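Whatever order the structure lists them in is the order used to number ligands and atoms, beginning at 1. Treat the numbers as computed from the prediction; the structure is a model and nothing was measured.
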Amino acid sequence: MRIKFSKADLSTDQPLVLMISDGGKLLSSAQTLDKKTHQLMSRVIKNEDFEGTLGQILVLNAPNGIKSSKIALVGVGDPKKFRAGSAQLLGGKIYSHLASQKSVHVVVDSMPGSKLSAMECSAQLAFGGYLRSYRFDKYRTKESRKDQPKLKNLIIGVNEPNEAKKIYSSLSKVANGVFFTRDLVSEPANILFPESFVERARELTKLGIKIQVLGEREMRKLGMGALLGVAQGSQRTPRLIAMRWDGAPNSSSKRPIAFIGKGVTFDSGGISIKPSGGMEDMKWDMGGAGVVAGLMRVLAERKAKVNAVGVAGLVENMPSGTAQRPGDVVKTMSGQTIEVINTDAEGRLVLADAMWWCQQKFKPHTMIDLATLTGAIIVSLGHHHAGMFANDDDLAKKLAESGEETGERVWRMPLGDDYDNQVKSQIADMKNVGGRDAGSITAAQILQRFVQDGVKWAHLDIAGVTWSNADSPTVPKGGTGFGVRLLDRLVAEHYEK
Ligand code: BES
Ligand code: ZN
Ligand code: ZN
């Protein structure tokens, strides 16, 4: 879908979208058109109980005397409460209601009382519409035309189209990163495995990202027994990848912020094999790594003034004659040993080595890991918040704020010695599971044991938010890309100089 910004044109022959605020109040363009149509809109609003609440949409056939065939009324709610997120939501709703049209012309009036300018509103609306237009259809060879969305041109009519376009151009870079992540998350595991993930990530070198890849031999030399233990049951060999973006002005020595992703390209559970129902979902157990790659893409595309490194631990967790067994003890790169009680609790094993290596190699001041780590976080928070764990209140607060601002919300969970005691092992430094209770917290406790002194750390358990089974305004069902917008915002607000 193409996005265009132009002057508002009420005499266009394209379907028109007009804004109505709380209480069914027509904004200026709707008023103009109302006069030309014998108060069609005012009458409809009255008869149809259209209140103009945020996101409400009513599509009408246009009367004679109007060139366009359809008029859609969209509610903006209370202008005082209207924010960037509201505009994105409108964009998504407009897309989903009018996807059967070839093009639409959305007239964005300035809203008296709103903090958001018409230009900003236009750009955010376009961003929302574009995010909603995502489709992963590369493997459909027989889809009929009529099942495909027809909407090819989203035209935003606004007073100063060039200004709006400028704002949109930076948002579109974020969208590119989100789509990159959604593509990775949606790929099946026969296509996306550690080596092919690395190939995809190599595309980012075009944007100035430097890539370093470790193979099995290098990882063995470094003593990454936990990551390698997970990988040993699979025919696919593991990889550890680092993607660096050095954008901080004239300070190549500045310590970076690091993002680390769980990249289990398929999680069968290993010898502690998962039940077959729903196992196909485990193709997206590399969601954390996908977000890290998408985020790095955004930072590079928008030339963020930050030094950042993205690390992904890439493995496939399979049962076989060479797979690790429940009861095995592995030694991590840090020197700490782990008793593997359950081979399905593999993400923490992968992250233990990936996080340690990242800290040794890049000396980050702050480290944020993302992982589809536990089913238990879905029991706790459902699909509306990611679980957040942090050793630093300030970092936790910043993440929570960025979450509210982008709609990718996180909810802080506790850490503490009582939970840490649950992962004590009789024969090793720790075991990889802490029992049924507090499953997400004990998983985070294990990760915390691999955080070095002085490093600010947060862990986002994204198991509940990486994939969606229902459409929402800016996220069609499937891979969500949750985390890209959140962390891009975090970096933009707090880590760029
Ligand atoms: N990848 C899963 C967690 C998961 C579950 C992600 C559902 C997305 C949706 C993880 O590796 C896992 O299997 N965790 C186990 C841990 C248990 C064995 C302690 C779980 O959550 O059941
Ligand atoms: Zn697992
Ligand atoms: Zn897993």
Side-chain angles (χ1 to χ4, degrees), residues 185-186 189 192-194 197 226-227 229-234 236 238 260-291 312-319 323-328 330 338-354 369-387 389 413 419 422-423 425 430-447 459-469 478-480 482-483:
V185 165
S186 307
L192 198 79
F193 42 88
F197 187 110
L227 188 154
V230 176
Q232 79 189 31
S234 171
R236 303 289 190 195
I260 298 157
K262 167 175 171 181
V264 177
T265 57
F266 188 73
D267 180 13
S268 68
I271 295 296
S272 315
I273 197 163
K274 286 180 181 295
S276 54
M279 202 200 272
E280 68 280 7
D281 280 349
M282 287 301 109
K283 72 173 185 182
W284 48 263
D285 207 22
M286 39 53 70
V291 171
L314 301 164
V315 300
E316 186 180 57
N317 187 22
M318 296 292 265
Q324 78 178 341
R325 295 144 290 252
D328 283 3
V330 293
I338 309 179
E339 185 185 9
V340 180
I341 301 296
N342 188 319
T343 65
D344 195 12
E346 83 297 340
R348 53 203 85 180
L349 299 172
V350 173
L351 284 173
D353 279 331
D369 77 79
L370 299 107
T372 49
L373 202 64
T374 66
I377 202 69
I378 308 176
V379 178
S380 306
L381 300 175
H383 303 284
H384 308 296
H385 285 87
F389 301 81
M413 304 278 286
Y419 296 112
Q422 282 179 236
V423 299
S425 156
M430 71 197 89
K431 53 186 179 181
N432 76 332
V433 294
R436 244 177 61 89
D437 297 348
S440 307
I441 307 177
T442 50
Q445 290 298 154
I446 293 174
L447 299 184
H459 154 58
L460 301 179
D461 192 335
I462 55 172
V465 293
T466 294
W467 191 266
S468 168
N469 290 320
T480 62
F482 182 109

Is it the case that the side chain of T442 and the backbone of Y419 share a donor-acceptor pair, with hydrogens and angles ignored and the cut-off at 3.5 Å? no
Counting only N and O atoms by type, is there a donor-acceptor contact under 3.5 Å from the side chain of S272 to the main-chain atoms of N342? no
Have a look at V330 and tell me which of L227, V230, V340 forms a side-chain contact (heavy atoms from CB on, under 4.5 Å) with it. V340
What side-chain donor-acceptor pairs closer than 3.5 Å can you find for residues 277-285, not counting sequence neighbours?
residue : atom : partner : partner atom : Å
E280    : OE1  : G278    : N            : 3.4
K283    : NZ   : S186    : O            : 2.8
W284    : NE1  : D281    : O            : 3.1
D285    : OD1  : K262    : NZ           : 3.2
D285    : OD1  : T372    : OG1          : 2.4
D285    : OD2  : K262    : NZ           : 3.2

Run through the protein N/O/S atoms less than 2.8 Å from the Zn ion (ligand 3) and write them out by chain and number. K262 NZ, D267 OD2, D285 OD2, E346 OE2
Looking at residues at least two apart in the chain, or sitting in another chain, which of them share a ring pair (Phe, Tyr, Trp, His ring centres under 6.0 Å) with H383? none
Kindly say whether N432 contributes a backbone atom to a donor-acceptor pair with the side chain of R348 at under 3.5 angstrom? yes
Using heavy atoms and a cut-off under 4.0 Å, could you grab the residues that are in contact with ligand 1, chain by chain, numbers ascending? K262, D267, K274, M282, W284, D285, N342, D344, E346, R348, T372, L373, T374, G375, I378, V433, A463
Indicate yes or no for a side-chain donor-acceptor contact from T343 to the backbone of P326 under 3.5 Å, with no hydrogens or angles considered. no
Do S468 side-chain atoms and G478 backbone N/O form a donor-acceptor pair below 3.5 Å? no
For G387, does its backbone N or O pair with a side-chain atom of D461 as donor and acceptor, under 3.5 Å? no
